Undergrad: 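Dropping the structure in here first, questions after.
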Amino acid sequence: MKIKICGLRRIEDVDYVNREHPDYIGFVFAGTKRKIDYETAVLLKKALDPAIQSVGVFVNEDISYIVRLVEENILDMVQLHGDETEEYIQALRFALRAKQKAQVPIIKAVRVKSREQVLEAEQLPVDYLLLDAFIADEYGGSGKVFDHKLIPNLKKPYILAGGIDSKNVITILQSLSEEGKTPVCVDVSSSVETDGFKDETKIKDMISVVRNCIW
C-alpha cells in the first residue's frame, strides 16, 4: 500500500517527509489554505528527497501552467481535482507529449456521489482515479469520509482519500480488501496536521500503521 501526504507548503513539511518517506507528496496549486505559488514549489521540490514523487494538485487550471511545472521537473505526476473534461485531459496529454513528458501519470479526482459517476469517470483517459468525499463548493481536503459502498469494482487503479487517519485506515482497507476493491494508495492531508500545519508525529504514525499492517 502506497501513501501520499498532500498539502505540503513549508520547508519543515519537506523535512518531515524526507525523514518518514511516504511514496508521494502533494503540492496544491488551488484553493486557499494549502495553496502554494510557483516560487514556493521550486523551493520545496529542490529540498525534497528525489525518491519521493511530487504530485501537483490543480482545479480547472490553465494547461500551460501545468506543463511548465512538469517541464521544469517540479512535478512527477498531475492530479486534476476540478471539473476537467475528457477534452481538457486530451489537450493536457497532447501538450505534455509535445514537451516529451507523455509518460507523466495523470490522476483524476472524483468527489463521489454515486457508483455510476465513478464508473463514468473510469472511462476518462487518465492513469488513476482518486476517490474523495463530495462536499458542496469544496474540491477536496475536507477531511470527511464518504460511503465506501459507493465504490464500484474498477479496472483502473484508484487512490483513496477522504477523512482517512491512523485510527480508521486499517478498518477501511480491510473492508475494501474483503470486497476486492483495494486501492493502490491512500491520500491524507488534514489528518496529519495540527492547527492547520503538518505534524511530523502524525505523519510518522500514519505511515507506520499502514506499512506494518497485513489485511
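The model shown is predicted, which means the values in this text are computed figures rather than measured ones. Residue numbers run from 1 in the order of the sequence given.
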Undergrad: With S208, which residues qualify under side-chain hydrogen bond (donor to acceptor under 3.5 Å, both in side chains), at least two apart?
TA: N212
Undergrad: Cluster question for you: counting only ILVMFWY and a side-chain heavy-atom cut-off of under 4.5 Å, with indirect links fine, are L69 and L43 together?
TA: no
Undergrad: Taking V110 as the starting point, is it possible to reach V186 by hopping between hydrophobic residues whose side chains are less than 4.5 Å apart?
TA: yes
Undergrad: Using the side-chain hydrogen bond (donor to acceptor under 3.5 Å, both in side chains) criterion, which residues pair with R68? Sequence neighbours excluded.
TA: E72
Undergrad: Side chains of T40 and D37: is there a donor and an acceptor less than 3.5 Å apart?
TA: yes
Undergrad: What I'd like to find out is whether the side chain of K204 reaches to under 4.5 Å of the side chain of Y16, using heavy atoms alone.
TA: no
Undergrad: Please list, one pair per line, the donor and acceptor atoms closer than 3.5 Å that link side chains of residues 89-109 to other protein atoms, with sequence neighbours excluded.
TA:
residue, atom, partner, partner atom, Å
R93, NE, P125, O, 3.2
R93, NH2, P125, O, 3.3
R93, NH2, D127, OD2, 2.8
K101, NZ, N73, OD1, 2.8
K108, NZ, G82, O, 3.0

Undergrad: Indicate yes or no: does K202 engage D205 in a salt bridge with an N to O separation below 4.0 Å.
TA: no
Undergrad: Strictly distance-based, threshold 3.5 Å: is any side-chain N or O of Q79 a donor or acceptor partner for the main-chain N or O of G56?
TA: no
Undergrad: List the residues meeting ring pair (Phe, Tyr, Trp, His ring centres under 6.0 Å) with H148, not counting sequence neighbours, and say none if there are none.
TA: F146
Undergrad: Can you list the residues that meet the ring pair (Phe, Tyr, Trp, His ring centres under 6.0 Å) rule with F27, with sequence neighbours excluded?
TA: none
Undergrad: What pairs with A41 under side-chain contact (heavy atoms from CB on, under 4.5 Å), at least two apart in sequence or on another chain?
TA: F29, I36, I74
Undergrad: What salt bridge (charged side-chain N to carboxylate O under 4.0 Å, His left out) pairs are there with at least one residue in residues 17-32, not counting sequence neighbours?
TA: R19-E200, D23-R211
Undergrad: State which residues pass side-chain hydrogen bond (donor to acceptor under 3.5 Å, both in side chains) with T201; sequence neighbours excluded, sorted by chain then number.
TA: none
Undergrad: Could you list the residues that satisfy side-chain contact (heavy atoms from CB on, under 4.5 Å) with S114, not counting sequence neighbours?
TA: E116, Q117
Undergrad: Can you pull the salt bridge (charged side-chain N to carboxylate O under 4.0 Å, His left out) pairs that have at least one residue in residues 190-199, sequence neighbours excluded?
TA: R34-E193, E193-K198
Undergrad: Please tabulate, for side-chain N and O atoms in residues 149-161, each donor-acceptor pair with protein atoms closer than 3.5 Å (sequence neighbours left out).
TA:
residue, atom, partner, partner atom, Å
K156, NZ, E122, O, 3.0
K156, NZ, L124, O, 2.7
K156, NZ, V126, O, 3.0
Y158, OH, K181, O, 2.4

Undergrad: Does V55 belong to the same Ile/Leu/Val/Met/Phe/Trp/Tyr cluster as Y65, with side-chain heavy atoms less than 4.5 Å apart forming each link?
TA: no
Undergrad: Would you tabulate the side-chain donor-acceptor contacts of residues 45-53 under 3.5 Å, counting partners in other chains and residues two or more places apart, or write 'none'?
TA:
residue, atom, partner, partner atom, Å
K45, NZ, S54, OG, 3.3
K45, NZ, D76, OD2, 3.0
D49, OD1, A51, N, 2.8

